Each structure stands twice: as structure tokens, then as C-alpha cells.
Chemist: 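Quick one: the structure is below, and I'll ask about it shortly.
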Amino acid sequence: MRIIQVKDYPEMSRKAANIIAAQIILKPDAVLGLATGSTPIGTYQNLIDKYNQGELDFSEIRSANLDEYKGLSADNDQSYAYFMATNLFDHVNIKKEHTNIPNGLNENIEEECKRYDSVISTLGGVDLQLLGIGNNGHIGFNEPGDAFQTGTHCVKLTDDTIKANARFFETIDEVPKYAYTMGTGNIMSAKAILLIASGEAKAEAVYKSCFGPVTPEVPASILQLHSNVFIVADEAALSLCRTNNCI
Ligand code: PGA
């Protein structure tokens with residue numbers, strides 16, 4: 001694991017975008033694993049700026065998103081498909097047919113999970129996987145639990161996650177209770193992983209993930225076993241790592 005310490009959210013966003021930009025330049029038809037949530041918004045904005053400055057070409061880039069709420073359609077403004085369209089895809093020259101997100105409207109869980117796993121393998125796997133991290137250490141919607149799940153699966157969201165996501169909905173009752181997510185096996189199969197974290201609320205999750213035991217109770221801790229992980233985190237997110245003299 002390589003921990004890149006930065007001052008704050010804007011610097012995290014610039015550094016993360018630079019790493020993704022390098023991937024796009026080195027491999028113009030790379031497969032990017034993409035993430036949603038508030039953390040990557042600045043990273044996507046920086047990528048859009050680079051695209052507008054003529055530095056990046058997304059025309060051959062392919063993408064696979066980590067997760068999607070079950071029950072939300074792509075045009076629901078809380079769906080992750082909508083998030084990706086408004087925060088990145090609509091602003092760069094990526095081809096829509098090159099982008100992949102689990103289909104939240106597929107009621108047939110087994111079919112959708114198999115379909116998405118085969119989408120990822122048909123793409124040839126993910127070259128660079130972008131990840132945020134939940135306050136509870138989740139990655140994608142792999143919530144703390146008894147075991148690491150390998151492939152795409154449907155999860156019941158924890159109360160913590162529902163509460164954390166309620167800020168995007170009118171009422172907490174509107175937050176979907178289930179989601180499709182890549183498994184930790186899918187994530188670990190990426191050739192490189194870029195985890196971004198900002199703010200004090202992430203400090204415990206970052207500390208446990210980087211320096212605690214590898215356990216499904218802290219899903220991101222499995223990243224310790226991957227040989228090519230970059231963590232770009234700001235001072236607040238790294239505060240516990242620092243007070244424990246780990247960095
Ligand atoms: P956030 O979520 O970026 O909105 O904090 C991250 C996550 O839950 O993976």
C-alpha cells in the first residue's frame with residue numbers, strides 16, 4: 001500500500017485525477033472502475049477540466065461502476081447511473097455504450113449478478129479501480145460482515161450506510177434498502193486500486209483498513225493484500241494513522 005498524504009480535499013482531488021489521467025494516457029482503452037459518493041466528485045471535476053483543456057481523450061476508455069441501488073432507474077436523480085452521467089460522463093467524450101453500471105431495475109438478483117460479473121470479465125478486468133471508503137470501512141457496498149464476498153451480489157444496506165446516504169434523499173425512508181455491488185473479489189482483481197479519503201469522519205476507517213487486521217468486519221482492510229494500491233488521503237482522514245505513529 002502506498003499512502004499519499006495531501007493537505008485537503010482539493011489537493012486529494014487533483015492528485016487522484018492525475019493518477020487516473022496517467023492511466024488514460026498510458027492506456028487509452030483502459031478499463032476504469034468508477035465510484036460514486038461525495039468523495040470522487042472533485043476528482044471527476046478535475047478530469048473534466050483536463051478533458052476541456054485537451055489533455056485527455058476518453059473515446060476508447062471503458063468503465064465499470066462499483067455499485068447501484070436496487071430499485072432505482074438510471075433516470076432517477078438518486079441513482080448512481082444518474083450520478084455518473086451528471087458528474088462525469090455527460091462532460092467528456094466517453095461513449096455511453098462503453099460505460100457499465102449494475103442494472104438497479106433488474107429484479108432477478110441471480111441474473112443481474114451473473115450478468116455484471118460477465119460484463120467485467122468481457123472487458124478483460126479493471127485496470128484502475130477508484131474507491132471511496134465508508135465511515136464503517138465499506139468499499140462499494142461491501143458492508144462489514146462475517147465473510148468477504150467475491151463476485152457481484154445484492155446487499156442489504158446497514159443502518160449506518162442508510163443514515164449516511166439519507167442526506168441525498170428528502171427523507172430517510174426514501175433511501176433504498178438494497179444495492180447491487182461488485183464483490184471484494186472483483187475489486188481485488190483490478191490491476192491497480194486508488195482509494196481516496198477526505199475528512200475526520202473517515203479517520204478510523206482509514207486507520208483500521210491500512211494498519212488493522214485484515215477482516216471482513218472492515219472490508220477495506222483486504223486491500224492490504226493487494227500489491228498495487230494507492231491511497232490518497234488528506235490530513236484529517238489520516239489523523240488517526242498519524243497519532244498512532246503509523247505514518
Ligand atoms: P462518500 O462515500 O464519498 O460519500 O463519503 C464513500 C463510500 O461510502 O464509499
Side-chain angles (χ1 to χ4, degrees), residues 6 8-17 20 32-47 64-70 72 77-84 86-88 101-102 126 128-145 148-149 152-153 155-169 172 175-184 186-188 190 193-210 216-223 229-240:
V6 296
D8 52 15
Y9 182 84
E11 193 185 349
M12 179 206 74
S13 302
R14 284 197 303 276
K15 284 257 156 61
I20 297 169
L32 300 179
L34 297 176
T36 52
S38 40
T39 313
I41 292 175
T43 304
Y44 293 147
Q45 190 53 56
N46 275 269
L47 288 173
N65 260 79
L66 282 169
D67 46 17
E68 178 61 284
Y69 286 121
K70 183 163 178 286
L72 297 192
D77 65 4
Q78 292 307 330
S79 73
Y80 289 165
Y82 189 93
F83 175 101
M84 289 311 302
T86 50
N87 284 290
L88 181 64
I101 299 183
V126 170
L128 176 63
Q129 177 67 56
L130 177 65
L131 295 177
I133 183 169
N135 297 351
N136 61 7
H138 76 199
I139 43 177
F141 271 130
N142 291 275
E143 300 282 15
F148 291 112
Q149 296 251 13
T152 304
H153 56 288
V155 289
K156 185 170 187 340
L157 305 183
T158 61
D159 289 345
D160 264 5
T161 299
I162 290 172
K163 267 189 219 133
N165 290 359
R167 65 192 195 274
F168 300 114
F169 293 82
I172 196 161
V175 185
K177 308 288 180 293
Y178 292 87
Y180 287 115
T181 182
M182 284 188 195
T184 41
N186 301 114
I187 293 169
M188 290 293 281
I193 295 174
L194 168 60
L195 184 143
I196 53 177
S198 172
E200 191 77 38
K202 301 295 170 70
E204 189 178 350
V206 169
Y207 171 62
K208 286 183 174 168
S209 301
C210 296
E217 284 302 323
V218 184
S221 64
I222 200 167
L223 300 177
V229 176
F230 301 92
I231 296 180
V232 180
D234 66 12
E235 283 171 7
L238 289 170
S239 54
L240 261 189

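Every number for a ligand or one of its atoms is a count from 1 in the order of the listing. Worth saying up front: this structure is predicted, and the values here are computed from it rather than measured.
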Chemist: Taking 4.0 angstrom as the limit and counting only heavy atoms of G132, give me the atoms of ligand 1 inside it, by number and element.
Modeler: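 Every atom of ligand 1 under 4.0 Å from some heavy atom of G132: 9 (O).
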
Chemist: For F169 and N165, work out which heavy atoms get closest and say how close.
Modeler: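 Closest pair (atom of F169, atom of N165, distance): CD1-O, 3.4 Å.
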
Chemist: So which protein heavy atom does atom 2 (O) of ligand 1 come closest to, and at what separation?
Modeler: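 The protein heavy atom lying closest is K202 NZ, 4.1 Å.
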
Chemist: Can you pull out the closest protein heavy atom to atom 3 (O) of ligand 1? Residue, atom name and distance to 0.1 Å, please.
Modeler: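 Answer, as residue, atom name and distance: T39 OG1, 2.4 Å.
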
Chemist: Kindly give the heavy-atom pair with the smallest separation between H153 and G183, and that separation in Å.
Modeler: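 The answer is CE1-CA, 3.6 Å.
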
Chemist: If you take all heavy atoms of M12 and S198, which pair is closest and at what distance?
Modeler: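 Minimum heavy-atom separation between M12 and S198: SD-CB, 3.8 Å.
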
Chemist: Which of the atoms in ligand 1, numbered in the order shown and given with their element, are less than 4.0 Å from a heavy-atom of G37?
Modeler: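 With G37 as reference, the close atoms of ligand 1 come out as 3 (O), 4 (O).
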
Chemist: Checking N136 against E143: is there a side-chain donor and acceptor pair closer than 3.5 Å?
Modeler: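 Yes, a side-chain donor-acceptor pair sits under 3.5 Å.
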
Chemist: Does a side-chain heavy-atom distance below 4.5 Å link F141 with L66?
Modeler: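 Sidechains of L66 and F141: no contact.
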
Chemist: Could you grab the distance from atom NZ of K202 to atom CG of N135, nearest 0.5 Å is fine?
Modeler: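 So the gap between those two atoms works out to 5.5 Å.
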
Chemist: In terms of residue, atom name and distance, what is the protein heavy atom nearest to atom 7 (C) of ligand 1?
Modeler: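 Protein heavy atom with the smallest distance to atom 7 (C) of ligand 1: H138 NE2, 3.4 Å.
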
Chemist: I'd like to check which ligand 1 atoms, numbered from 1 as shown, lie under 4.0 Å from a non-hydrogen atom of R167.
Modeler: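 So the atoms of ligand 1 that pass are 4 (O).
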
Chemist: Quick one: look up the protein heavy atom nearest atom 6 (C) of ligand 1 and list residue, atom name and how far away it is.
Modeler: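 Among all protein heavy atoms, the one nearest atom 6 (C) of ligand 1 is I133 O, 3.5 Å.
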
Chemist: Using non-hydrogen atoms of the residue, decide whether E143 is closer than 4.0 angstrom to ligand 1.
Modeler: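 Per 4.0 Å heavy-atom rule, E143 does not contact ligand 1.
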
